[in-house]
Each structure stands twice: as structure tokens, then as C-alpha cells.
Amino acid sequence: MPASSPRLLPSAARRRRPHVLLAAAAVAGMVTLAACDGDAAATTPSSDAVAASSASSVADLPERSLAPADLARVVGDLPAPTNRWYSGLVFGPGPYSAFADPLSLTAVEGGIALGLPRVQVTADLIAGAAARDITLQVDGAVGLPAASAADPVGATLDFRGGEGSTVLQASIAKGWPAITLTAPADASVTLSSPATVASDGTATLVIGATTYVLVTDGGTVDGTTLTLPEGATAQPGGGAR
């Protein structure tokens with residue numbers, strides 16, 4: 001028999017047609033996606049257009065003045081210490097308190113008050129108000145203290161005289177059971193209660209059931225008077241029951 005090339009049977013030809021159709025459909029899909037991507041890129045607004053639209057939207061918002069903002073009492077160009085645990089000591093027109101844990105601190109005219117809060121427990125509430133067991137009245141200071149240094153942990157409060165000069169500084173910090181008083185010049189502080197001075201120079205103040213300690217470096221304590229020469233420091237605090 002003469003040799004002849006194999007012929008593709010009709011059934012085999014039919015089996016190959018679906019593969020050809022699938023390939024064509026895939027190519028068409030890719031072309032369609034490419035066209036869609038091109039349209040999306042062409043219609044995406046530029047950053048300049050978005051910025052202009054945002055500025056226009058903000059300008060259209062109503063503006064209302066509800067109340068005057070209280071300016072922070074700060075020294076020099078120190079940024080206002082907002083949203084800090086002690087912010088109340090340097091904001092507002094009147095005395096405000098802050099909780100240093102364990103002590104509470106209250107800014108008062110010409111001084112500062114401190115105390116160990118007395119926790120009250122009821123069926124509905126556990127709370128402890130700020131205590132003013134010891135008030136330190138800085139001789140010659142007027143008004144409420146102003147912050148001269150501030151960070152998230154603590155701050156330095158300046159007690160200033162009528163001419164604006166700093167008479168005394170108090171350093172406060174979260175979790176510190178005392179405050180540090182520093183005298184940039186000769187200073188005198190009047191205590192709200194008399195102190196008893198031990199032979200080692202340590203002074204104690206007993207307020208109710210709480211005993212506070214007052215130690216100095218270069219200063220002296222006599223009854224209700226704390227005297228600090230220039231550069232001297234004192235630390236009132238503690239609070240043992």
C-alpha cells in the first residue's frame with residue numbers, strides 16, 4: 001500500500017477547538033483589563049487638585065467662638081504643656097490640683113499646697129480628693145506659679161515676685177513622693193503648720209494621722225519658717241500613716 005500522511009480525524013479536530021476558544025477569550029480579557037487600567041489612571045485626580053478641594057471644603061466650614069481660651073502660665077517661649085498630668089497647675093484663672101501619685105498638688109496664690117489624698121470607698125465609688133495638708137507660702141511671690149521647664153514626666157514651677165523675677169522654684173514629677181524647692185536667690189517660705197526639728201536637722205509635720213518630712217540642703221527650719229539662702233534646696237513630702 002502506498003505510504004500516506006496521517007489525517008486528523010474530525011473528532012480530534014473538534015476536541016482542539018475549545019482550547020483555541022479559551023486562548024482567544026483570555027487574550028480578549030487581558031486587553032479589556034488593560035483598557036480599564038488606562039482609563040483609571042487617566043481619571044485619577046492630581047494631589048494639587050485634592051489639596052485645592054480640601055482647602056475649599058475647610059474654608060466653607062462655619063467658625064464660632066464659644067469661649068476665650070485660657071493662656072498657659074509659662075516662662076519665656078516654653079510651649080504650653082497641654083495634656084499632661086500637671087497641666088491644671090499652669091492653666092486656668094484659679095487654683096487647680098494635679099495628682100503626682102502619691103501626693104496631690106494644688107497651685108495657690110503665691111505658693112503651692114500638697115497632701116496625701118484620703119481615699120473614700122462607697123458602694124458606687126472609690127475616690128480621693130486633693131489634700132491641702134501643707135501649704136507653702138513663698139514670701140514675696142504673687143499670683144499662681146508658671147512653668148519654666150516641662151516634659152511628660154514632670155515640670156519646674158516658678159513663683160515670681162511683682163516685678164516678674166523668680167523668687168523660688170519647685171520641681172515636681174509623677175510618682176515622686178516629694179517636691180524639690182530651689183532658691184535662685186535668698187528666699188523664705190511660710191508653712192501652714194509648725195515643724196518639729198530633730199537633732200539631725202530633719203523636720204516633721206504631723207497633720208492628723210499623716211506625718212510629713214521636710215529635709216533641707218543648706219536651709220533651716222524654725223517653726224513655720226523655712227529659710228533658704230541662694231542655692232539651697234528643700235524637699236517637703238513623704239506622708240506616712
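In this chain, numbering begins with 1 at the start of the sequence shown.
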Self-check item: Taking every non-hydrogen atom, the tightest pair across A141 and F159
Solution: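 Answer, listing the atom of A141 first, then F159: CB-CB, 3.9 Å.
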Is there a side-chain contact between [X] and [Y] in this structure, where contact means two heavy atoms from C-beta onward sitting under 4.5 Å apart?
X: V138; Y: I112; answer: no
X: P81; Y: V74; answer: yes
X: L144; Y: E109; answer: yes
X: L103; Y: I172; answer: no
X: L181; Y: L136; answer: yes
X: V108; Y: R132; answer: yes
X: I134; Y: S193; answer: no
X: P102; Y: L116; answer: yes

Are there over 12 heavy-atom neighbours, none belonging to [X], within less than 6.0 Å of that residue's [atom1]?
X: D151; atom1: CG; answer: yes
X: D101; atom1: CG; answer: yes
X: D186; atom1: CG; answer: yes

If only side-chain N and O atoms count, and only distance matters, is there a donor-acceptor pair under 3.5 Å linking [Y] with [X]?
X: T180; Y: S171; result: no
X: T210; Y: D133; result: no
X: D200; Y: T202; result: yes

Answer with yes or no whether the hydrophobic clustering places [X] together with [Y]; edges join I, L, V, M, F, W, Y residues whose side-chain heavy atoms lie under 4.5 Å apart.
X: V75; Y: I179; result: no
X: L214; Y: I207; result: yes
X: V213; Y: L226; result: no

Practice problem: Find the distance between OG1 (T227) and CG (D139) and round it off to the nearest 0.5 Å. | Solution: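 T227 atom OG1 to D139 atom CG measures 8.5 Å (nearest 0.5 Å).
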Quiz item: Which distance, rounded to the nearest 0.5 Å, do you find between the OH of Y212 and the OG1 of T204?
Solution: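 Y212 OH to T204 OG1: 13.0 Å, rounded to 0.5 Å.
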